**Q** 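Okay, handing you the structure first.
Remember, it's 1-based here, ligands and their atoms both numbered in the order they're listed. What's counted below: heavy atoms across the whole structure, side chains too, no hydrogens, waters or symmetry copies. All of these numbers come straight from a predicted model, not from anything done at the bench.
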Amino acid sequence: MVFVTSTWTEPSPTATALLLLGHGSDPASERGVDCPGDLPAPSDPGLVARAEAAKAALGDRVFVLGHHYQRDEVIRFADVTGDSFKLAREAAARPDAEFIVFCGVHFMAESADILTGDHQRVVLPDLAAGCSMADMAVLGQVETAWDLFTDLGIADSVVPVTYMNSSADIKGFVGRNSGVVCTSSNAKRALTWAFERGEKVFFLPDQHLGRNTAVLEMGFDLDDCVLYDPHKPHGGLTPEQLRDAKMILWRGHCSVHGRFTLDSVREVRERVPGVNVLVHPECRHDVVRAADQVGSTEYIIKALEAAPAGSAWAVGTELNLVRRLALAHPDKQIMFLDRTVCYCSTMNRIDLPHLVWALEELVAGRVPNQITVDPDTAHHARAALDQMLALP
Ligand code: 13P
Ligand code: SF4
């Protein structure tokens, strides 16, 4: 067996205030920062025992879902871990759990609420765990865009597709307009489905996933894609551009994956000859083009599991996951694609104190931080989510 031990190098602290997202930013873009009740101190040495005791006391009444970007201290308490697609399916498949504790971000908990029964309660341990990409598409802006398509006479030929990383409002809009939700694991299948039903796709909110899938997996040209900027009149586009486009991409992006650049890829190829560059499709188009492989978090995990001992990998996705994979596979040289720290600051909001607090509240008979979607939005969003789950 080949052992390449101790190759993990912690990236340097970021110069920018990524870890402080929320401070000084628009407070309306956060989903609330209060944590009612007594939050245990992070230094409490009994936190692990308290989490274990609370989970044991709740037994089968609680099911804990953990997204791959969660901290190690939280992921160890997850009953199942997964990417956003797998977690949506797992939530839908647990009708007996009274409480679903979602260790992830707000849009994931909303989707879980939509996909679970009325008797089930979905809990997000910290309400400030939002997603900056999801916040980049607001329902009013999206309706303005759709009104423009209607005025131009193209709305009937446009199928809306939204990435899972969007609010329930946006999923509801997509469901109302006969569209579909997608994740990074099934974006190609969702686009194929959409193009069988219309001439154009209106892709929300991640321009990169939309462009990467259309161009690199579906054979479209970059010129077939236009970028709709909600902050500009008419999206910054002419009627001709909108009429000619195949993919109308919303101007949204992930602030974590957007940090990887072509220079990061060039630099690692120079430093580590033979390295395989593996990135998430939320990365920019030039980065994905320069990479050797692209895929969702679930894909990245499987690719590294299957990689031969001794092989070298530079991985472009969130740091908690990359570090966990590097430590889980000491026989492979797994490194972070960027030289600096790149956590998802909102995913990181769910820490052990918040998880302990949420579980203990449930034990005490109180339901903290419940995420609920209003019935009308949930009905239409569910249509778009069910369509995704039924994709061939
Ligand atoms: P997946 O879980 O679909 O890979 O998406 C990554 C992500 O950014 C989740 O917020
Ligand atoms: Fe949102 Fe990006 Fe964080 Fe995922 S990694 S929750 S897309 S900001």
**Q** Any idea which part of E282 is under 4.0 Å from ligand 2, heavy-atom wise: side chain, backbone, both or neither?
**A** side chain
**Q** Below 30° counts as parallel, above 60° as perpendicular, anything between as tilted: where do the rings of F173 and W146 land?
**A** perpendicular
**Q** Polar contacts were defined as any N/O atom of the residue lying under 3.5 Å from an N/O atom of the ligand; does this apply to S184 and ligand 1?
**A** yes
**Q** Please confirm whether H67 approaches ligand 1 to less than 4.0 Å, judged on its heavy atoms.
**A**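 So H67 counts as touching ligand 1.
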**Q** Check each atom of ligand 2 against the heavy atoms of C344 and keep those under 4.0 Å away; list them by number with element.
**A** 3 (Fe), 5 (S), 6 (S), 8 (S)
**Q** Is a side-chain donor or acceptor of R197 paired with a backbone partner of W193 at a separation under 3.5 angstrom?
**A**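 At least one qualifying donor-acceptor pair exists.
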**Q** Can you tell me which residue and heavy atom of the protein come closest to atom 2 (Fe) of ligand 2, and the distance to 0.1 Å?
**A** C254 SG, 2.3 Å
**Q** Taking the six-membered ring for Trp, are F260 and F336 closer than 6.0 Å centroid to centroid?
**A**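 Ring centres of F336 and F260 closer than 6.0 Å.
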**Q** Donor-acceptor pair, distance only, cut-off 3.5 Å: does the side chain of E110 make one with the backbone of A168?
**A** yes
**Q** Are F107 and Y163 near enough that their ring centres are under 6.0 Å apart?
**A**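 Not under 6.0 Å, so no.
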**Q** Mark yes or no for whether K171, through its side chain, and M164, through its backbone, hold a donor-acceptor pair below 3.5 Å.
**A** yes
**Q** Determine whether the side chain, the backbone, both or neither of Y69 has a heavy atom under 4.0 Å from any heavy atom of ligand 1.
**A** side chain
**Q** Quick check: does E282 get an N/O under 3.5 Å from an N/O on ligand 1?
**A** yes
**Q** Any N/O/S atom, backbone or side chain, of C131 lying under 2.8 Å from atom 1 (Fe) of ligand 2?
**A** yes
**Q** Work out which heavy atom in T346 is nearest to a heavy atom in C131; give both atom names and the distance.
**A**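 Where T346 meets C131 most closely, the heavy atoms are OG1-CA, 4.3 Å.
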**Q** Would you check if the side chain of K86 reaches a backbone N or O of H67 as a donor-acceptor pair within less than 3.5 Å?
**A** no
**Q** Which atoms of ligand 1 have any heavy atom of N165 under 4.0 Å away?
**A** 7 (C), 8 (O), 9 (C), 10 (O)
**Q** Mind checking whether M108 has a heavy atom under 4.0 Å from ligand 1?
**A** yes
**Q** Please report which non-hydrogen protein atom sits nearest to atom 8 (S) of ligand 2, along with the residue it belongs to and the distance in Å to one decimal place.
**A** S132 OG, 3.6 Å
**Q** Near H280, which atoms of ligand 1 are under 4.0 Å from a heavy atom of that residue?
**A** 1 (P), 4 (O), 5 (O), 6 (C)
**Q** Return a yes/no value for S84: is any of its N or O atoms, backbone included, closer than 3.5 angstrom to an N or O of ligand 1?
**A** yes
**Q** Measure the distance from atom 4 (Fe) of ligand 2 to every protein heavy atom, then report the residue, atom name and distance (to 0.1 Å) of the closest one.
**A**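 The closest heavy atom on the protein side is N165 ND2, 4.0 Å.
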**Q** Side chain, backbone, both or neither: which part of Y299 comes within less than 4.0 Å of ligand 1 when only heavy atoms are counted?
**A**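 Looking at Y299 and ligand 1, no heavy atom falls under 4.0 Å.
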**Q** What atoms in ligand 1 come closer than 4.0 Å to a heavy atom of D83?
**A** 1 (P), 2 (O), 4 (O)
**Q** Would a hydrophobic clustering, with Ile, Leu, Val, Met, Phe, Trp and Tyr connected at side-chain separations under 4.5 Å, put M388 with W250?
**A**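 No; tracing contacts between hydrophobic side chains, which count when under 4.5 Å, never links both residues.
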**Q** Check for me whether the distance between the ring centres of F202 and F149 falls short of 6.0 Å.
**A**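 Yes: the rings meet the under 6.0 Å criterion.
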